[in-house]
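To start, the structure under review is shown below, and the notes come after it.
Remember, it's a predicted structure, so these values are computed and weren't measured experimentally. Here is the naming used below: chain letters follow the sequence lines, and residue numbers restart at 1 for every chain.
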Amino acid sequence: MYSEDKKRHFSVNLLEWYRAHKRDLPWRRSKNPYHIWISEVMLQQTRVETVIPYFHRFTEQFPTVEALANAPEEDVLKAWEGLGYYSRARNLQSAVREVHERYGGIVPQEKEEISSLKGVGPYTSGAILSIAYNKPEPAVDGNVMRVLSRYFLIEEDIMKPSTRVKMEKLARELILEGTASDFNQALMELGAMVCTPRSPHCLTCPVMAQCSAREEGMEESLPIKKKAKPPRPELRAVAFIEGTGENEGKWLIRQRPQEGLLARMWELPHIQMQSAAWGSDQEVMNELKDSLMQQEQIAVKPASWFLDIEHTFSHIQWQMKVYRSQMNDAGEWIPFHYRWVGADELQQYAFPNVFLRIMKAVSGSPV
DNA sequence: AACTCGGGGGC
DNA sequence: GCCCCAGAGTT
């Protein structure tokens, strides 16, 4: 495969570089496996700078396995609000509850046991075992695949599972005796700070001397990655409903379904529309009124256009029109997953970011 | 193997 | 706009 000299040069120099240049990150200040675990789940597909404030709040609110295991799920979701991929939060709490009950609150050190926990895949299991327990397991994420694909000039599509398996085998071989914790973090640190996706800083790289991509002038064209499909557009009409009578000063919100996109989070009532019906505001408001009556049995009166807003997920793009609305009759019956809430109560409910933006635009202040 | 699942930062 | 980010689960 690759020469022992090339591999050793990589491991030795990368490790030395990391110990001199590593960033002072909150989750590097202890080896608490539970805290390492939280950080690794938050960091999935999420930047370090984004995670830092969430990590501080989360570990303060749920400082131990027991604290998170005993917390109401809605509190956990609220603490995750804005971070995205909310199944991460639900899976984390579910897994922490299993650790609490089955393992006495001790994060397991066996690969099979930790890998069986919800939300703990190949990367996260390796990251926890190596970083917290210094076990010689690979932790291959996007950073690592970029670094390895360049240094060893690997031209396989990193989106393919088979490529990740190959990278894990290689990464495992690179771990020197007793250095797994620092080495795995060093790989990711190099990818984040030096071997960046565009314009890598090769002149400051500790392993430039034997980097194959650098030798071939290919560092900018690796790794190879197939393009993702563009998100599909969806048209949605939103009713921003202000209460009257006994509900004066309150807004009508509803909880999303238990499964699927943004599961169990709260939102403003809205409907999806077909492009054929996506016409004038008057036509959209009529459709909004009729559909909410048919689908939810609530009598809403859309009154005036308020805002157009777009929100892009990984696979869907919501194009939304928001209408100021009222109910036909104050105090009317509403379905069980609906709720009238005042401005002070809104802070207890977890909302997807797009609805936070809408409510902020309406109220002129953060909710 | 393809799809689902958020949101933001950097260029 | 586009890409990518300390990915995992489901089909």
Scan side-chain atoms only and decide if [X] and [Y] contain a donor-acceptor pair under the 3.5 Å cut-off.
X       : Y       : answer
Y338(A) : E296(A) : yes
E137(A) : S125(A) : no
E40(A)  : Y123(A) : yes
R88(A)  : T124(A) : no

Between atom [atom1] in [X] and atom [atom2] in [N], what is the gap in whole Å?
X       : N      : atom1 : atom2 : answer
M193(A) : dC5(C) : CE    : P     : 15 Å
E168(A) : dA6(C) : CD    : C1'   : 14 Å
Y18(A)  : dA6(C) : OH    : P     : 14 Å
K229(A) : dC2(C) : NZ    : C1'   : 18 Å
F313(A) : dT4(B) : CZ    : P     : 13 Å
R164(A) : dG7(C) : CZ    : C1'   : 9 Å
D157(A) : dC4(C) : CG    : P     : 11 Å
L83(A)  : dA6(C) : CG    : P     : 13 Å

Nucleic acid contacts - residues 25-52 of chain A versus DNA chain B, non-hydrogen atoms under 4.0 Å: Q45(A), T46(A), R47(A)
Can you tell me, in whole Å, how much space there is between the [atom1] of [N] and that of [M]?
N      : M       : atom1 : result
dA6(C) : dC11(B) : P     : 14 Å
dG6(B) : dT11(C) : P     : 16 Å
dA8(C) : dG9(B)  : C1'   : 23 Å

Phosphate oxygens OP1/OP2 of [N]: is one of them under 4.0 Å from a side-chain N or O of [X]?
X       : N      : result
K118(A) : dA8(C) : no
H311(A) : dG6(B) : no
H315(A) : dC5(B) : yes
Y86(A)  : dG7(B) : yes
N91(A)  : dA8(C) : no
K226(A) : dA2(B) : yes
R256(A) : dC5(B) : no
T124(A) : dA8(C) : yes
N143(A) : dA6(C) : yes

R23(A) atom CZ, over 12 foreign heavy atoms within 6.0 Å: yes
Residues, nucleotides or ligands: over 12 heavy atoms within 6.0 Å of M159(A) CE: no
Selected nucleotide, minimal atom distance to R23(A) side chain, candidates dG8(B), dA6(C), dG6(B): dA6(C)
Shortest side-chain distance from R198(A), nucleotide among dG7(B), dC5(B), dC3(C): dC3(C)
Closest-nucleotide 5' rank along DNA chain B - winner of P161(A) and G260(A): P161(A)
Position toward the 5' end of DNA chain B (nearest nucleotide), S162(A) or R88(A): S162(A)
Between CG on residue L92(A) and CH2 on residue W37(A), distance to nearest 0.5 Å: 6.0 Å
Pairwise distance CG(N184(A)) to CE(M188(A)) - rounded to 0.5 angstrom: 6.0 Å
Tell me what [X] touches on the nucleic acid: a base, only sugar-phosphate, or nothing, going by heavy atoms under 4.0 Å.
X       : answer
R146(A) : sugar-phosphate
G191(A) : nothing
S314(A) : base

Ring geometry between H35(A) and F55(A) (parallel below 30°, tilted from 30 to 60°, perpendicular above 60°): perpendicular
Parallel, tilted or perpendicular: ring planes of F58(A) versus W80(A), cut at 30 and 60 degrees: perpendicular
Y151(A)/F10(A) aromatic ring centres below 6.0 Å: yes
Duplex segments of DNA chain B, taken as runs of at least three Watson-Crick or G-U pairs that stay under 3.5 Å: B:1-5 with C:7-11, B:7-11 with C:1-5
